[in-house]
Amino acid sequence: MAELTYRQAVARGIAQEMDRDPTVYFIGEDVAAAGGVFKTTEGLQDRFGPERVRDTPISEEAITGAVMGAAMNGLRPIAEIMFSDFFATCWDIVANQIAKARYMTDGQITLPLVIRAANGGGARFGAQHSQAMENWAMAIPGLKVVAPSNAHDVVGLLAASVRDDDPVVFLEQKSLYASRQEVPEGEIVGELGKAAVVREGADITVVALAAMVPRALEAAETLAGEGIDVEVVDLRSLVPLDVTTVLNSVVKTSRMVTVEENPRLCGWGAEVTSIVTEEAFYDLDAPTLRITTPHIPLPSADTLEDLAMPSAETIASELRRVGNG
Amino acid sequence: MAELTYRQAVARGIAQEMDRDPTVYFIGEDVAAAGGVFKTTEGLQDRFGPERVRDTPISEEAITGAVMGAAMNGLRPIAEIMFSDFFATCWDIVANQIAKARYMTDGQITLPLVIRAANGGGARFGAQHSQAMENWAMAIPGLKVVAPSNAHDVVGLLAASVRDDDPVVFLEQKSLYASRQEVPEGEIVGELGKAAVVREGADITVVALAAMVPRALEAAETLAGEGIDVEVVDLRSLVPLDVTTVLNSVVKTSRMVTVEENPRLCGWGAEVTSIVTEEAFYDLDAPTLRITTPHIPLPSADTLEDLAMPSAETIASELRRVGNG
Amino acid sequence: MTAGADASADTVSIPLDKKLEMYRMMLDARLFEEKAHKLFFEGLVKGTSHLALGQEAVAAGFAAAMRSDDLTFCTYRGHTHTLLRGADMGALMAELLGRGNGICGGKGGSMHLTDVSVGAMGSYAIVGAHLPIAAGAAWAAQARGTGQVSVVFFGDGATNIGAFHEALNLAAVWSLPVVFVCENNLYMEYTPIGAVTAVPNPAADRAGAYGLEGIILDGNDVEAVYSTATAALEHARAGGGPQLIEAKTYRHGGHSRADPGTYRPDEEVQEWLDRDPIPAFRARLEAAGVAAETLDTIEAESDAAVEAATEVARSGPFPDPANLETQVWADGGSSWRN
Amino acid sequence: MTAGADASADTVSIPLDKKLEMYRMMLDARLFEEKAHKLFFEGLVKGTSHLALGQEAVAAGFAAAMRSDDLTFCTYRGHTHTLLRGADMGALMAELLGRGNGICGGKGGSMHLTDVSVGAMGSYAIVGAHLPIAAGAAWAAQARGTGQVSVVFFGDGATNIGAFHEALNLAAVWSLPVVFVCENNLYMEYTPIGAVTAVPNPAADRAGAYGLEGIILDGNDVEAVYSTATAALEHARAGGGPQLIEAKTYRHGGHSRADPGTYRPDEEVQEWLDRDPIPAFRARLEAAGVAAETLDTIEAESDAAVEAATEVARSGPFPDPANLETQVWADGGSSWRN
Ligand SMILES: Cc1ncc(C[n+]2csc(CCOP(=O)(O)OP(=O)(O)O)c2C)c(N)n1
Ligand SMILES: Cc1ncc(C[n+]2csc(CCOP(=O)(O)OP(=O)(O)O)c2C)c(N)n1
Ligand SMILES: [Mg+2]
Ligand SMILES: [Mg+2]
């Protein structure tokens, strides 16, 4: 069992799938010869050759269009969009073309493709390189949306995404790239749409994703010392969404808090909260609570950015408000 | 007092502001010489000349970029994006540039601009010309989002949007263009961020927007005959959001249903529901309910499209489920 | 051939049966769309429809020149392109009418006609988007060594959107087997293309920006189209990389739906009506000795086919409501939760 | 001047004080960025920074030629452009360090330096986006008759994104007073531009697609830049429409942060280091009779200015936490609800 960084897990996941399936190709800006600006794809071109691992121009519409067209014609391509913010430059291809092609053609077109991107804040890159945009993708019917919180899940969920016959937006949390974990050797294949209860607890359900998972866990440890027993659910994928795991937890704890990196409005926390309010209303003993970044663009200065994003401390203090009554 | 269509109200609103303020300019595809594909801007070029009312190439990034740059340098421009779906082709300019410029420069840049678009379904145009995308815009900090439900509000809110110093995404509901209303002569100026209680009622609060407002009203009439007294709130703008009016209504009725045209996930209905659950939890006597389009791209066939979008009938039958207990 | 040259000079000798095939294709397309127009005014075609009346020679010349496994990508003005690759006429007409026996089950409508089984890989309703998608399909063809060529049709207006630029550059850099065909009908929706474009030939004058030759073609001359298409397909298939062709043509009617097209000068419309590709080709065929009856028979057969298709469409069932929520995902459903 | 020609031949006689001003500008920029690089390695510059070391002549030549109310739009590699329009050096350095006295209050950071008061209208971190924005500012200048010109700087890599195409076409069609300046430093982040671009001169070879002349310039020759800039600004100001200029240059270091730039051949790096614009210009000034002491004094003054700015930055306060939620809206706040 080797220690792997979240960053290294990306290359391992891609390599596992390229090894297995010759129709898996991988393209993106600076991903091939240079191994990616986050060093997530080092060694892939050497291993799989310049045909299967290719550098592209700075042309996000061409990149996403290329994988869409290729997926229609026999490949299972993976594209990298360097920072998830840049999805905005190709949102038409992703949200209007890729997401809708199967439905509009009543199933004639199948698009087994993955678009990976570095998502989220914490790297002091400022408002145009730090957005958590998983909610943009979740709002579009026809896109699956995956966001792992640890290296093991990166490998497993990347494999599951590549093998999935539908388009998957795969969001790597850039503030987690340096995090490490023991990951077993050999093939790892996860499952989309399965949340994980990463900490069991009786008093409050905390639903989190990606970088918010370790922070929620840290907050839970703090509260454990104060006699509040927090259960933490790592959603892992937003579409499909494992509602069952969330509802089961809420039935047990009667309290729910969502923790997301998104700016305030219309994030997945609102969606999960609405589902729970509609379907487990009589199980709730207290108002739900959403912890988010305020509804602002993310600032660049480290002190401001830290203040903006939910931290273990702010999560803990919000959880105290919800209490364990 | 003249009868005005929602369509005509657009031209009237623009003309009112162009008349008043020589820095108001208007650009878009086929908007000038031809008066717009929805005939919403007829006569404006004749009246204000080809300098102030201009046709553009099919270049949504250039159009939105142009109004952004112009707003930085002394104009108060209005752009048309023909169908709101096409925002995806310029989402970078709208969501990453326009929305964030003021914050990133700590207030050095002010962007008094309006981007209008025909939004929503009901015209049998299929998945790429029918989206209700107000939630895309609402999720982006730095954008104001307005969506009137009637001709009077079109004029007033368009005027308010042009006079506002912040960027406004102004969504005209294309299925309402032919609707008519008595609208008084003379200047009309509305206010952003003020919801309207368009029907008072004691039993259930229905929160609706744009085309869903007349449908909610129709459902309310049906239920009135069944002894259920429905209050209908027309949000009118999503950002700013008039939370006070919604909460006041919920305190009164103890039940809330949101009706939106968006596909299921992460719409404004989820946002409003989460706010209410968090802030008026103890006032609620029943689970909240969201009525939305299913999480699917919108189909083209008339029978399917009608089935997909919330209708007065489906709203009424959902409201019966919530009851008046 | 470079910008300004006329590709018709290259017309190679085309076998007679190919010529007659193209004649039939143009008639099928013409009569199909005339019928669709009628049905629109009867209120049977809902939503919108964008006719290519007058532009049939481009679709026919290319479809006749393509290999059966080549791939077509077209726009919302795509009835003709989809039909002429071999899609079932009845299923196309039924789609326009929003019927369950439509080619997309009623989910696509006029702007999204698709028949993957004949290589008609979709009609795309957002200007320019399908250019990179077509390039991507060509990339897969190159990677898999299938010998397929992607052919992507788009309007003059599409040459001003970013996706055009990105697709052309990528295709050139990767030497992809894709043929870009601009159908320059002189107008966007209502705006003359010249009013919003920096160069006179919106596609051909930009070929140099991608290291390509600008090829200009009389898009109303089906034989010229066929010859140019044949050469371009061969070039792309042989690994020569992309081609960019600008076909000059004209739509007889308005942009869409009930648009009467009155923003166009009468003389301009008349001039192009006089250059209608179908009578022009018929005259040429007759001059070359084809019997009028042969051509009349083809016309009658097309007409009968369109009538039959119309009947298939009119009598088609409305979509099963259960289909509303199918085919979002590859498992056939639309569920996003457990 | 067309693609392939060397603009330096056009060098007009430049007054000595302008030359010395440009010498000072280049030194200010060089020393400012060398210091920023040091502070990055000290952990004081957080996040990222993209240095233009080696590219100073482009920024200096343009800034020296611009009118004070002209508008500059630049990229994340924008320290130099913003500084040389006249932004306060201390406030710039403080912004890099995330301080409250930074030019954007710490909200922008290295990639978003902006000083509207001197016409530095922003540094844009998403490739290509600022081209249409600059065109829009030029449109307002045209509409209002202010006589301003927009100047927009972008990299070679930006020539392959859609926004480039849309902006150039719109600017040409509307004859906007905007000068597009491609700083071709031969690389995107790590990928050589030639590997992903269909033409050898990524900007100049595309000028024809917009009806423009392709102007190629030695971007390391500050006098050539100044002369070309002067002519382009005059042309645009006089209503002649946009200009597209490709300045060949090179960054001495890596793309950003700690990138050592090892993907570049040593000889190539050396060749360009030998063409460093600052010593080259100094040699020319000395040859023209400027005393070494004059130049040394300028260098010492630049150095002192950078030291002072560094002190302003280092001793600057961290941003007031209360500012986190200010300036989303024109009312100064960020409230989205009542
Ligand atoms: C990105 C985008 N912008 C605008 C439209 C609306 N629109 C549909 S067709 C059209 C005109 C297209 O003109 P052209 O490319 O010349 O094709 P033609 O319709 O003439 O075949 C426009 C503006 C669109 N569908 N997509
Ligand atoms: C749309 C977009 N895609 C990718 C990036 C990531 N990125 C930042 S700089 C850069 C290279 C830009 O190269 P070039 O335009 O030549 O400018 P240079 O950095 O050389 O000055 C890339 C790919 C981005 N910022 N925006
Ligand atoms: Mg056209
Ligand atoms: Mg570069």
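Lettering of chains follows the sequences in order, A, B, ..., and the numbering in each one begins at 1. Any value given below was found using the heavy atoms of this structure, including those in side chains, with hydrogens, waters and symmetry copies removed.
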Arg290(B)/Glu279(A) salt bridge by N-O under 4.0 Å criterion:
no
Do you know which of Leu289(B), Asp85(B), Asn135(B) has the most heavy-atom pairs under 4.5 Å to chain A?
Leu289(B)
Using 0.5 Å steps for rounding, measure from the CD atom of Glu271(B) to the CZ atom of Arg264(A).
6.5 Å
How about Val239(A) and Leu265(B): do any of their side-chain heavy atoms sit closer than 4.5 Å?
yes
Provide the closest heavy-atom pair for Asp285(B) versus Tyr282(A) in the form atom of the first, atom of the second, distance.
O-OH, 3.8 Å
Could you report the tightest heavy-atom contact between Asn96(B) and Gln131(A), atom names first, then the distance?
OD1-NE2, 2.8 Å
Restricting to non-hydrogen atoms, name the atom on Pro297(B) and the atom on Ala99(A) that form the minimum distance, rounded to 0.1 Å.
CG-O, 4.4 Å
Reported CD-to-CG distance for the pair Glu61(A) and Asp92(B), which is rounded to 0.5 angstrom
10.5 Å
Does the pair Thr89(B) and Trp91(A) meet the rule for a side-chain contact (heavy atoms from CB on, under 4.5 Å), with working shown?
CA-CA 6 Å; Thr89(B) 67; Trp91(A) 200 234; over 6 Å; no
Option in Gly269(B), Cys266(B), Pro299(B), Ser300(B) with maximal non-hydrogen atom pairs under 4.5 Å from chain A:
Cys266(B)
Distance-only, no hydrogens or angles: does the Glu278(A) side chain make a donor-acceptor pair with backbone N or O of Pro287(B) under 3.5 Å?
no
For Leu284(B), which atoms come within 4.5 Å of any heavy atom of chain A: side chain, backbone, both, or neither?
both
Check Ile296(B) against Tyr103(A) and note the closest heavy-atom contact, atom names and distance.
CD1-OH, 3.7 Å
So which part of Ala280(A) gets closer than 4.5 Å to some heavy atom of chain B, the side chain, the backbone, both or neither?
neither
Most contacts with chain B, counted as non-hydrogen pairs under 4.5 angstrom, among Thr288(A), Val276(A), Ile275(A), Thr273(A):
Thr288(A)
If the contact rule is any heavy atom under 4.5 Å from chain A, which residues of residues 136-146 of chain B qualify, in numerical order?
Trp136(B), Met138(B), Ala139(B), Ile140(B), Pro141(B)
Go through Lys100(B), Met104(B), Met133(B) and name the one with the most non-hydrogen pairs under 4.5 angstrom from chain A.
Lys100(B)
Contact origin within Phe87(A) toward chain B - heavy atom pairs under 4.5 Å:
neither
Checking Leu238(A) against chain B: side chain, backbone, both or neither under 4.5 Å from a heavy atom?
neither
Between Arg102(A) and chain B, which part of the residue has a heavy atom less than 4.5 Å away: side chain, backbone, both or neither?
neither
